[in-house]
Amino acid sequence: MDQILIMGLVIFLSGSLMLLEQRCIGKPAFIQPMVLCGLSGLCIGQEAIGIWLGISLQLLSIGQGHYSNWALTSVVAASSLIVLHLFGTAIVPGSPESLVLLFLAILYSILLYGLGRRFARRFERPLLETPQWQGAKSFELFLSLVHRSVGVGFATGGLQSLMGTVLIVLIVSVLQNRIPVTEEALVLGAIVIPLFGIAVTMGAMSRKRYPLYALIGSAVTYLVVLVQ
Amino acid sequence: MNTLSTGDLIRVSFRMLLVQSAWTPTTMQSDGLVYCMAPALEKIFPDPSQLKRILKHYQTPINTHPFLLGALVGAILRMEEEGQSTKNILSYIRTTMGPMAALGDPFFDGGLAPFASLVAAIIALGFGILPGILALILIYNGIHLAIRVQGIFVGYRMGASTMDTVGNWINADKTHLLRVAGGIVGGFLIGLIVSRYGFPVLPSVLFLLSGLAAVGGAILLTMNRASWIIVLPAYLLSVLLLEVLF
């Protein structure tokens, strides 16, 4: 029980700090999927899944910042990987567990991103209520907004990270070893997601948006091989 | 004579990292911009009542690419120091922020981020995760931080002519070059991924088909003759090299 509480606290604190970094320190590359997932794979001695998850999420996130908070996706995926390892679950690239982990992390952050934007609008109310710039007063208001933003961001970032990790760990643990898969399907699963990520990245570079078609094609291909 | 020292501009650079911290749809970056410039403006306008008057100038919504905001900030500080009118300064901001965003979005979001991610992915697959992480951080952060910080100093030195310099740093040609490089690297990455995870388990036919499907996907996505002409040879070359080496 103590171990679980400590784990929860670590996830809360690290998630809070990482999500704050993304918001408050102007989009540097430290909290990126490849960094977090790669390091988590390294920590648990399973570099292969860390690389696969990191590359997949990194490439999938390119140009998709309007739909999801990719920092949250990275934090939740990385912490889930570590917690699953601590509970004795080894995840292999391309396995159904790895795909479920990936998709749940993405879906979770898309849902919370939408909720977060609604919540964030409450912050601008104090500034909107100031009829005009009062010079120093507005400046103080900005600082107080930043402080409030940091405070609330710290709390909500930690909660989001913790909830997401618990959800993913539970679902992946339930699914573990329940879906039989051939070696070819495993290999195809390992290939298809990073290739789809490359397609998304190419799409971002050319400003065309066809990742949905590529996703459908990838999913169909994978299911066909899985069923066979 | 310059009122602001290197230390003042460095303080502005650090504050610039927080410029998006209280972004709102109404004031956008203007609150952050004022916070960023505040130490420098206090030095230029030591009289509090004058400073208060100056700060009121920036109640207009200001929004541009955050990585190029440094150049705008430097230019504004120079113009304030020269005693230029509010009308001139605001006119400069309004005419500059749009083009800066138009330069910054394709370069950083459509060129640098994808390129850095693809290069980092190749390095991670080839040499391990730590070199990959290092490559990502150095390429992406190195370039945007250099532009952000250098922008302040160049903007302060050149004032209203800053856009010419910024336009040379990140113009359409350089963005295109980044995308071409990204296409090449992407082609290599396709071959590397299929080789790393698929070979030799997959039958050679499926190996080839998956590669062609990936290239086909890239063609569909780019829908640009120049892009797939770059991706396809890079992919074929990578497959050849990997077949020979392994």
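Predicted, not measured: the structure shown is a model, and the values here were computed from it. Just so we're on the same page: letters track the sequence lines, and every chain starts at 1.
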(request) Pick out which of A:L59, A:I198, A:I55 makes a side chain to side chain contact (heavy atoms under 4.5 Å, CB included) with B:S117. (result)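 Of the listed residues A:L59, A:I198, A:I55, the side chain to side chain contact (heavy atoms under 4.5 Å, CB included) partner of B:S117 is A:L59.
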
(request) State, yes or no, whether a side-chain contact exists between A:I62 and B:D109 at a heavy-atom distance under 4.5 Å. (result)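 Answer no - side chains too far apart.
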
(message) Side chains of A:Q58 and B:L136, heavy atoms from C-beta outward: is any pair under 4.5 Å?
(response)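 Yes, side chains in contact.
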
(message) What part of A:P93 gets within 4.5 angstrom of chain B, counting heavy atoms only: side chain, backbone, both, or neither?
(response)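 For A:P93, the side chain is the part near chain B, not the backbone.
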
(request) Mind checking ring pair (Phe, Tyr, Trp, His ring centres under 6.0 Å) for B:F108 and listing every partner two or more places apart, or none if nothing turns up? (result)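 B:F108: ring pair (Phe, Tyr, Trp, His ring centres under 6.0 Å) contacts with B:H65, B:F67.
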
How many angstroms lie between [atom1] in [X] and [atom2] in [Y], if you round to the nearest 0.5 Å?
{"X": "A:C37", "Y": "B:I133", "atom1": "SG", "atom2": "CD1", "answer": "9.5 Å"}
{"X": "B:I193", "Y": "A:W52", "atom1": "CD1", "atom2": "CH2", "answer": "10.5 Å"}
{"X": "A:L42", "Y": "B:L130", "atom1": "CG", "atom2": "CG", "answer": "5.0 Å"}

(request) Check step by step if side chain to side chain contact (heavy atoms under 4.5 Å, CB included) holds for A:M34 and B:I129. (result) CA-CA 8 Å; A:M34 190 184 292; B:I129 192 62; 4.1 Å; yes

